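The structure displayed is predicted, hence computed values, not measured ones. Atoms within a ligand are numbered from 1 in the order they appear, just like the ligands themselves.
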Amino acid sequence: MNPIQNPFSPGAGSPPPDLVGRDEILEQARILLGRVAAGKSEKSIVMVGLRGVGKTVLLNEILRMAKDADYLTITMEAHENQALASLLVPGLRGVLFELDRLAGLSTRVKKGLGVLQSFVSAIKVKIADIEVGLDIEPLKGTADSGRLEVDLPSLFEAVGEAAQDKNKAVAIFLDEIQYLSKEELSALIMAMHRMQQRQLPIVLLGAGLKVLTTLAGESKSYAERLFMFPEIGALADADARKALHDPIERAGAGIEAPALEEIVRRTQGYPYFLQEWGYQAWNQAPRSPITLNDVQTATASVVQRLDANFFRIRFDRLTANEKHFLRTMAGLGTGPYRSGDMAEALGTTLQAIAPVRAKLIAKGMIYSPAHGILDFTVPLFDEFMRRTMPDAGE
Ligand SMILES: Nc1ncnc2c1ncn2[C@@H]1O[C@H](COP(=O)(O)OP(=O)(O)O)[C@@H](O)[C@H]1O
Ligand SMILES: [Mg+2]
């Protein structure tokens with residue numbers, strides 16, 4: 001059928017034709033934004049889930065809601081090798097400048113800029129574009145200890161007070177939160193703790209792989225009190241059918257029930273896969289309605305595309321040893337996997353696998369959803385590993 005009219009949108013962060021099955025989380029976000037804007041406290045939200053389940057799409061939707069609710073917003077995406085401070089400072093500076101432009105003199109906003117300047121002067125990372133533009137005296141002695149866990153709460157406090165003074169609220173959006181270092185994550189938690197204690201209008205909307213397991217002690221217990229961690233996963237079968245069926249109907253075409261069932265079975269309801277299969281099935285079908293046969297024809301090219309892109313993204317950056325580790329994991333079947341079982345399957349000890357395990361976590365291939373447990377970060381990755389390395393012995 002005509003690819004120009006194809007309603008599906010496979011791709012990282014691409015908004016789906018229908019955002020199906022996510023009403024509950026969107027409602028939670030609406031309540032959070034409403035309460036904080038009204039000066040009440042509420043738990044911030046960090047969405048956790050595998051790649052391709054729709055976390056970025058949800059963050060973008062909540063960003064729209066925040067803008068509609070007149071929030072000042074900051075959007076950031078963490079990376080493997082980028083300091084949190086270097087991500088945050090430009091956004092916070094933008095917020096303070098916007099507050100400064102709003103009617104009414106505010107010493108709090110000026111103070112906020114001074115605190116930001118002193119924060120910048122104390123951080124050890126170099127941030128090229130922060131050095132310009134702030135011809136403001138640093139407020140010495142605040143947020144400039146050089147220790148993030150101390151300075152970030154002070155900085156947030158100054159920004160929060162400035163926003164409160166101008167009757168504004170600030171929403172910080174942080175994607176790929178699993179890339180923060182332990183120190184950065186706990187500094188962020190301490191900063192949000194300060195917001196709650198002082199009832200200041202800053203909320204955090206985060207998304208990423210499950211990260212709480214890397215935290216310990218105080219920051220862990222704060223995190224549990226300060227944040228909701230809704231799990232974003234595959235769609236239920238009825239929602240998955242709807243995510244395929246409705247956009248096709250709206251585009252003036254149809255899909256037969258067995259075709260629908262086949263896609264739901266193949267994708268196991270994972271949003272990214274639904275978009276890929278829907279997209280290819282549409283293009284493969286000579287005419288409406290899309291039949292089981294069309295889907296089966298499409299499957300070969302979908303699998304090929306997934307193997308070449310989605311699954312392969314980081315695969316090529318792996319060493320032979322790392323690939324062997326992942327292939328051994330896949331050889332144990334469907335996850336999650338116990339670290340102990342992995343050591344045994346590799347014929348070695350837990351201690352001996354620790355370095356390769358750590359490297360694979362840093363590269364975003366696997367993660368640890370709970371103590372002593374490992375899993376792939378991408379759904380159906382075990383099948384990909386078995387396909388791409390049929391020979392387990394290497
Ligand atoms: N609720 C949903 N229903 C159908 N498709 C969705 C849904 N949420 C996301 N998608 C699709 O899934 C894909 C991955 O979304 P993305 O937000 O990038 O996932 P993540 O950030 O979790 O890796 C995109 O192609 C998007 O269109
Ligand atoms: Mg994403």
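Between Met76 atom CE and Phe173 atom CZ the span is 10.5 Å, to the nearest 0.5 Å. To the nearest 0.5 angstrom, Ser368 atom OG is 13.0 Å from Leu360 atom CG.
The shortest separation from a heavy atom of Gly11 to ligand 1 is under 4.0 Å, placing the residue in contact. Ligand 1 has at least one atom lying under 4.0 Å from a heavy atom of Asp18. Contact between Leu274 and ligand 1 is absent, with no heavy atom of the residue lying under 4.0 Å from the ligand. The closest approach between any non-hydrogen atom of Ile232 and ligand 1 is not below 4.0 Å. In this structure, Gly13 has a heavy atom closer than 4.0 Å to ligand 1.
Environment of NZ in Lys242: sparse, with no more than 12 heavy atoms of neighbouring residues, nucleotides or ligands closer than 6.0 Å. Residue Gln351 qualifies as open at atom CD: its count of foreign heavy atoms under 6.0 Å is 12 or below. Counting heavy atoms of neighbouring residues, nucleotides and ligands inside a 6.0 Å radius, atom NZ of Lys323 exceeds 12 of them. More than 12 non-hydrogen atoms from other residues, nucleotides or ligands lie less than 6.0 angstrom from CD of Glu383.
Ligand 1 has a nitrogen or oxygen under 3.5 angstrom from a nitrogen or oxygen of Gly54. Residue Arg51 places no N or O, backbone or side chain, under 3.5 Å from any N or O of ligand 1. Geometrically, ligand 1 and Ala243 share no nitrogen or oxygen pair separated by less than 3.5 Å.
Shortest contact from atom 5 (N) of ligand 1 to any protein heavy atom: Gln275 NE2, 2.9 Å. Given atom 23 (O) of ligand 1, the protein heavy atom at minimum distance is Gly52 N, 2.6 Å. The shortest contact between atom 1 (N) of ligand 1 and any protein heavy atom is with Val20 O, 2.9 Å. In terms of protein heavy-atom proximity, atom 27 (O) of ligand 1 is closest to Ser14 O, 2.6 Å. In terms of protein heavy-atom proximity, atom 17 (O) of ligand 1 is closest to Val57 N, 2.8 Å. The protein non-hydrogen atom at the shortest distance from atom 10 (N) of ligand 1 is Pro271 CB, 3.5 Å. For atom 25 (O) of ligand 1, the closest non-hydrogen atom of the protein is Ser9 O, 2.8 Å.
Listed by number with element, the atoms of ligand 1 under 4.0 angstrom from any heavy atom of Leu50 are 22 (O). For ligand 1, the atoms lying closer than 4.0 Å to a non-hydrogen atom of Ala12 are 18 (O). Residue Pro10 has at least one heavy-atom neighbour below 4.0 Å for each of these atoms of ligand 1: 25 (O).
Looking at every heavy atom in both residues, Pro230 comes nearest to Ile45 through CG-CG2, 3.8 Å.
Side-chain N/O atoms of Thr291 and Asp294 include a donor and acceptor closer than 3.5 Å.
Taking the six-membered ring for Trp, Phe311 and Phe384 have ring centres closer than 6.0 Å. Separation of the Phe310 and Phe273 ring centroids falls under the 6.0 Å cut-off.
Gln275 has its side chain out of reach of Gln280: every pair of non-hydrogen atoms, C-beta onward, lies at least 4.5 Å apart.
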